[in-house]
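Notes follow once the structure below has been shown.
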Amino acid sequence: MKRTSRIPGFYKEPVDTRRRLLAEATDLELTEMARALASGGLDVTTADKTVENVLGTYALPFSLGLNVRINDRDWLVPMVVEEPSVVAAASNASKMIRDGGGFSADHDEPLMVAQVQLWNVSDPVTASVRVMAEESALRAMADAAVPGLVARGGGARAIETRDLGDGLFVVHVVVDVRDAMGANLVNSVAEKLAPTIASLTGGTVGLRILSNLSDRRCVRVRCRVPAASLATAEMPGDAVRDGIVLASRFAERDPYRAATHNKGIMNGVDAVVMATGNDWRAVEAGAHAFAARNGRYEPLATWRCGDDGTLVGEMEIPLALGIVGGTLRVHPGARLAMKILNVHTAQELAEVAACVGLASNLAALRALATEGIQRGHMSLHARSVASAAGAKGTEVELVADEISEARDVTLDAARRALAKLRMRHEPAAHDTSLSLAK
Ligand code: MEV
């Protein structure tokens with residue numbers, strides 16, 4: 001069956017039905033899904049073997065992002081995030097992007113940089129010449145440190161030197177890490193090569209560690225959205241498009257705005273990174289360092305009006321993601337996410353995460369350029385406030401509707417609405433036919 005990421009009405013269904021719909025759209029077994037998601041995707045015994053001083057596990061919502069179409073292929077996207085509206089926003093924006101043909105994406109080879117720091121290098125020019133003269137020997141030595149990676153088609157690709165002044169000197173070993181995130185691989189390479197590099201440079205070995213500025217491992221994503229798809233009840237599509245372009249220009253000129261603009265992108269990116277058991281701190285560090293690569297902090301994604309009047313979005317982002325090893329070895333929830341995605345390479349996964357990031361950015365800018373973020377955000381937030389106030393089952397929606405319509409999304413208001421609801425409908429407080437008639 002051809003996989004589609006369009007499942008209309010998915011959000012209205014109860015959790016069990018959503019799982020069934022997902023099973024139907026993929027080749028996943030319902031029991032497999034239930035097992036993987038029990039206890040938040042990780043049991044305490046496994047958790048205890050994963051990190052130190054474990055007391056228990058800590059679950060977050062595991063959701064499905066819809067409507068994503070990249071390079072003419074549909075993707076069902078697992079997302080793990082605690083913030084209300086991120087999944088809905090990314091899915092809605094992906095639908096608008098789909099109206100324009102979906103995302104297009106391309107990626108670099110999965111190259112990571114291992115850094116070997118030297119100090120006391122008195123003659124950096126000679127040091128550089130001597131290191132580069134041994135480039136192939138150093139690459140062979142690096143490959144010998146990671147034979148499994150070489151067997152999978154990866155390995156050292158280049159050696160580079162950088163003089164940082166005052167006797168500080170750095171050697172970069174550029175390693176193709178294939179489908180791994182690569183931190184352990186490149187750290188092993190850095191440690192293995194450091195003594196030889198020290199004797200070639202005449203320096204003293206300092207740090208030996210990967211760089212999280214993984215700018216050789218970027219993904220570029222683009223989309224075109226028909227202006228009509230951006231329209232709201234109050235604003236025509238071309239006005240919304242122009243508002244989004246202005247929002248982009250604001251971020252391009254102002255680092256204060258760029259930080260928030262990029263946060264909106266990372267809402268989507270991180271949710272995919274988390275779901276797939278990847279290292280979101282590494283991704284965040286890389287993304288923000290990349291955003292500042294031109295000497296000032298800039299937006300990762302920009303928006304313009306195309307010649308044909310469509311809204312054109314573009315983003316480039318470094319993404320060091322793996323589909324083998326690490327958390328995936330031990331975390332059933334992350335393994336389930338990988339099965340849902342059905343990616344074959346780490347680069348495919350990076351493209352999906354980047355596209356969800358661009359969709360999240362579009363959703364945020366569209367909301368900000370029209371009615372503002374608070375109404376939509378608050379109406380979703382209202383559901384968690386309603387639950388926190390003690391609402392159960394269908395009461396949650398009813399209380400949430402009441403407090404968001406009253407624009408009073410507080411615990412007190414939710415408690416009052418719940419008490420009112422229960423008073424009206426005692427004793428059948430959980431009956432699905434209830435409504436909060438005013
Ligand atoms: C909130 O999580 C993200 C936004 O602030 C992003 C933005 O302002 O572009 C809405």
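As the structure lists them, so they are numbered: ligands from 1, and atoms in each ligand from 1. Numbers for residues simply follow the sequence, beginning at 1. Any value given below was found using the heavy atoms of this structure, including those in side chains, with hydrogens, waters and symmetry copies removed.
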_In the structure I gave you, are the side-chain heavy atoms of L319 and V283 within less than 4.5 Å of one another anywhere?_
yes
*Closest by any non-hydrogen atom to atom 8 (O) of ligand 1: pick that one out of R257, H261, K263.*
R257
_Beyond-backbone contact of V312 with R222, side-chain heavy atoms, under 4.5 angstrom_ = no
_Numbering as shown, the atoms of ligand 1 that approach L368 to under 4.0 Å (heavy-atom distance)_ = 7 (C), 8 (O), 9 (O)
_For atom 1 (C) of ligand 1, the protein heavy atom that lies nearest, with its residue and separation_ = E83 OE2, 3.6 Å
*Heavy-atom nearest option to atom 6 (C) of ligand 1, drawn from T260, V86, N361*: T260
_Give me the residue, atom name and distance of the protein heavy atom closest to atom 3 (C) of ligand 1._
N267 ND2, 3.6 Å
*Within a radius of less than 6.0 Å around CZ of R178, do more than 12 heavy atoms belonging to other residues, nucleotides or ligands occur?*
yes
*Tell me, with the steps shown, if T410 and D412 meet side chain to side chain donor-acceptor pair (under 3.5 Å).*
CA-CA 5 Å; T410 60; D412 274 352; 5.8 Å; no
*Ionic contact status for E351 with R73, cut-off 4.0 Å*: no
